[in-house]
Number of protein chains: 2
Amino acid sequence: MITKRVPSETIGRLFRYFRSLSCLLREGEEIVSSKTLAEVCHIKPATVRKDLSYFGEFGTRGVGYDAASLVNKIKKIIKLDKQINVALVGIGNIGRALLKHSAFELEGFKIVMAFDNNPSKIGDTVGNVIIEDAANIRERIESSGIHLVILAVPDYATSKVAKVLQLAGAKSILSFSPCGLSMPADIQVTCIDLSVEMARLVYNSCVDYREKV
Amino acid sequence: MITKRVPSETIGRLFRYFRSLSCLLREGEEIVSSKTLAEVCHIKPATVRKDLSYFGEFGTRGVGYDAASLVNKIKKIIKLDKQINVALVGIGNIGRALLKHSAFELEGFKIVMAFDNNPSKIGDTVGNVIIEDAANIRERIESSGIHLVILAVPDYATSKVAKVLQLAGAKSILSFSPCGLSMPADIQVTCIDLSVEMARLVYNSCVDYREKV
DNA sequence: CCTACATTGTGATTGTGTTCACATTCACAT
DNA sequence: ATGTGAATGTGAACACAATCACAATGTAGG
């Protein structure tokens with residue numbers, strides 16, 4: 001087994017396949033072709049097949065894919081066959097929004113801990129979790145089986161919290177602050193930077209009178 | 001002037017340069033080199049130079065870039081020299097978080113309208129804007145100079161709202177729902193899909209024992 | 001069993017973005 | 001005015017991702 005490199009984009013799409021397949025299953029589809037799946041996801045059939053081919057041969061030529069078994073295979077591949085335990089740091093507006101966003105749980109992600117350093121918030125229950133004191137982050141995360149930490153604290157606090165998370169042995173961080181975190185290579189960091197996305201949109205909508213050559 | 005294609009990633013980085021430069025300026029730096037800027041942004045100097053080179057020659061060889069003038073040039077390029085007017089649809093948890101996130105304004109984005117269809121919310125003031133009836137989206141957006149619409153409504157409602165926005169002539173949409181929107185080519189759409197990002201992080205942190213060849 | 005047809009799986013190709021490496025240019029000291 | 005050092009700007013090379021196009025392989029029907 002040669003484990004050729006898998007494009008990182010492929011993983012993102014795999015999740016979207018997983019989501020679409022679950023939906024198709026619910027609607028009673030038993031067999032799906034790469035064409036169908038591609039249409040639902042707004043991409044090309046060849047991309048679907050290539051993506052899946054990195055992990056094996058899941059289809060039947062001339063027929064398509066068995067939806068139920070494919071969805072399970074994908075689940076395994078992207079490690080969503082087990083619940084993913086998430087810790088949330090920072091119960092501001094965004095943090096609260098995340099805690100109340102029940103859809104995550106349906107997709108395999110469960111926020112099992114939440115932290116804030118504001119005494120007036122500690123002890124409160126939001127969604128289904130009790131807000132704990134941020135001072136305990138390290139010991140709490142070290143012990144429990146947390147797969148992923150979401151960082152939703154003010155910009156100025158991110159790097160300090162990130163340091164603590166690193167010490168606590170966190171493996172992945174999803175942050176909502178502009179990505180100034182310089183983390184060691186063995187820790188995965190993704191930043192959601194809305195300003196960057198907005199700037200891109202604005203630029204494109206101004207310029208996309210593209211190359212009328 | 002040949003308008004060579006500019007990589008879309010470049011635009012995103014341009015915004016980060018803008019941000020970092022503003023910061024360096026505040027700290028009193030007057031001249032920055034591609035090296036400095038690259039360090040701050042955690043990328044390579046060559047990338048910085050290449051990115052800038054798509055738009056002209058802004059530096060002085062042997063010296064570097066004049067921070068103040070570069071920041072202005074970038075501002076113009078990414079159209080942030082004027083305020084960007086943003087409309088927000090959906091005042092749930094995320095919408096509220098965005099309205100209260102004052103940092104956007106510092107970066108040139110201003111949420112000037114907000115809509116919801118819940119009568120109990122209409123008329124309320126959140127942040128600095130009054131929540132309007134979603135029924136008026138079309139006429140309100142058609143008339144005013146909105147550059148960008150943020151869609152923060154429940155998944156099931158997105159495509160319906162998107163249709164309305166399209167009719168209203170919106171040019172760009174930033175959505176928080178998994179991206180099932182198929183929009184005509186002349187409208188820019190970006191989706192923030194946290195589940196996809198989380199899935200990617202989890203996958204990478206499991207697999208990144210990469211190719212120890 | 002053989003033919004017609006549908007759809008997969010994939011090597012080859014194209015396209016796009018990043019990085020290298022070096023010639024060019026400027027500031028400054030002598 | 002000339003040489004030295006520093007940093008830019010960029011064509012070329014590389015790396016990675018998307019797409020094509022077709023051989024391989026299945027089903028179904030006579």
Side-chain angles (χ1 to χ4, degrees), chain A residues 1-14 16-17 21 29-67 69-70 73-74 77 196 200 203-204 207-208 210-211 213, chain B residues 1-14 16-17 21 24 29-67 69-70 73-74 77 196 200 203-204 208 210-211 213:
Chain A
M1 200 249 217
I2 316 133
T3 350
K4 10 182 171 183
R5 250 192 51 76
V6 179
S8 103
E9 293 301 301
T10 291
I11 304 302
R13 280 194 300 266
L14 241 35
R16 293 210 289 277
Y17 302 154
L21 282 168
E29 303 287 338
E30 296 184 354
I31 303 290
V32 294
S33 65
S34 58
K35 185 152 166 289
T36 315
L37 195 47
E39 266 162 21
V40 178
C41 298
H42 301 102
I43 57 178
K44 314 229 159 150
T47 306
V48 174
R49 298 201 298 277
K50 183 62 119 192
D51 283 344
L52 295 174
S53 80
Y54 288 112
F55 302 95
E57 310 198 354
F58 304 128
T60 308
R61 295 175 192 222
V63 181
Y65 303 89
D66 178 85
S69 96
L70 182 58
K73 296 269 179 42
I74 292 181
I77 293 169
V196 166
R200 285 233 282 254
Y203 179 85
N204 286 330
V207 176
D208 228 71
R210 66 171 72 180
E211 324 277 314
V213 183
Chain B
M1 200 246 219
I2 317 134
T3 347
K4 9 182 171 184
R5 254 191 47 79
V6 178
S8 105
E9 293 301 302
T10 291
I11 305 301
R13 281 193 300 266
L14 241 34
R16 293 212 290 277
Y17 302 155
L21 282 169
L24 290 171
E29 304 286 337
E30 296 183 357
I31 302 290
V32 294
S33 66
S34 58
K35 186 153 165 290
T36 315
L37 195 46
E39 267 162 20
V40 177
C41 299
H42 300 104
I43 57 177
K44 313 230 164 154
T47 306
V48 174
R49 297 200 299 275
K50 184 59 121 185
D51 283 342
L52 295 174
S53 80
Y54 288 111
F55 302 95
E57 310 197 353
F58 303 127
T60 307
R61 297 176 190 218
V63 181
Y65 303 89
D66 178 84
S69 94
L70 183 57
K73 296 270 180 37
I74 293 181
I77 293 169
V196 166
R200 283 235 283 256
Y203 179 85
N204 286 330
D208 228 67
R210 68 171 70 176
E211 323 280 311
V213 182

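Here is the naming used below: chain letters follow the sequence lines, and residue numbers restart at 1 for every chain.
A distance of 11.0 Å separates CG in D51(B) from CZ in R49(B), rounded to the nearest 0.5 Å. Interatomic distance, CG of L37(B) versus CG of L21(B), reported as 5.0 Å (0.5 Å rounding). Rounded to the nearest 0.5 angstrom, R13(A) CZ and R200(B) CZ are separated by 9.5 Å.
Spacing between atom OH of Y54(B) and atom P of dT19(C) amounts to 12 Å, rounded to whole angstrom units. Regarding E9(A), its CD atom lies at a distance of 15 Å from the C1' atom of dA15(D), rounded to whole Å. When rounded to the nearest whole Å, the span between CZ of F55(B) and P of dG9(D) equals 14 Å. Between L52(B) atom CG and dT10(D) atom C1' there is a gap of 13 Å when expressed in whole angstrom units. Rounded to an integer number of Å, the gap from D66(B) CG to dC26(C) C1' is 15 Å. Between the NZ atom of K44(A) and the C1' atom of dT14(C) there is a distance of 12 Å, given to the nearest Å. Look at CD1 on I31(A): it is 12 Å from C1' on dT7(C), rounded to the nearest Å. Nucleotide dT25(C) holds its P atom 18 Å from the CZ atom of F58(B), rounded to whole Å.
Phosphate proximity of dA23(C) to R61(B): absent, as no side-chain N or O sits under 4.0 Å from OP1 or OP2. Phosphate contact (OP1/OP2 of dG9(D), side-chain N/O of Y65(B), threshold under 4.0 Å): present. In terms of phosphate contacts, T47(B) brings no side-chain nitrogen or oxygen within less than 4.0 Å of OP1 or OP2 of dT18(C). The shortest distance between the side-chain N/O atoms of S34(A) and the OP1/OP2 oxygens of dT7(C) is not below 4.0 Å. Proximity of R5(B) to the phosphate of dG15(C): no side-chain N or O atom is located under 4.0 Å from OP1 or OP2.
Distances were taken from every side-chain heavy atom of E57(B) (C-beta onward) to each of dG17(C), dG9(D), dT7(C); the shortest belongs to dG9(D). When the nucleotides dA21(D), dT27(D), dC20(C) are ranked by their closest atom to the side chain of A46(A), dA21(D) comes out on top.
Taking both residues in full, the closest heavy atoms of Y54(B) and T10(B) are given as CE1-OG1, 3.9 Å, listed atom of the first, atom of the second, then distance. In terms of heavy-atom proximity, Y17(B) sits nearest to C41(B) at CD2-SG, 3.8 Å.
Across all strands, K35(B) comes closer than 4.0 Å to no nucleic acid atom at all (heavy-atom distances).
Nucleotide dA1(D) is matched to dT30(C) when pairs are restricted to Watson-Crick or G-U wobble geometry with both distances under 3.5 angstrom.
Heavy-atom distances to DNA chain D give each of T60(A) and D51(A) a nearest nucleotide, and the one nearer the 5′ end belongs to D51(A). If you find the closest nucleotide of DNA chain D to V63(A) and to T10(A), the one lying nearer the 5' end belongs to T10(A).
No hydrogens or angles were tested; on distance alone, nothing pairs the side chain of R49(A) with the base of dT8(C) as donor and acceptor under 3.5 Å.
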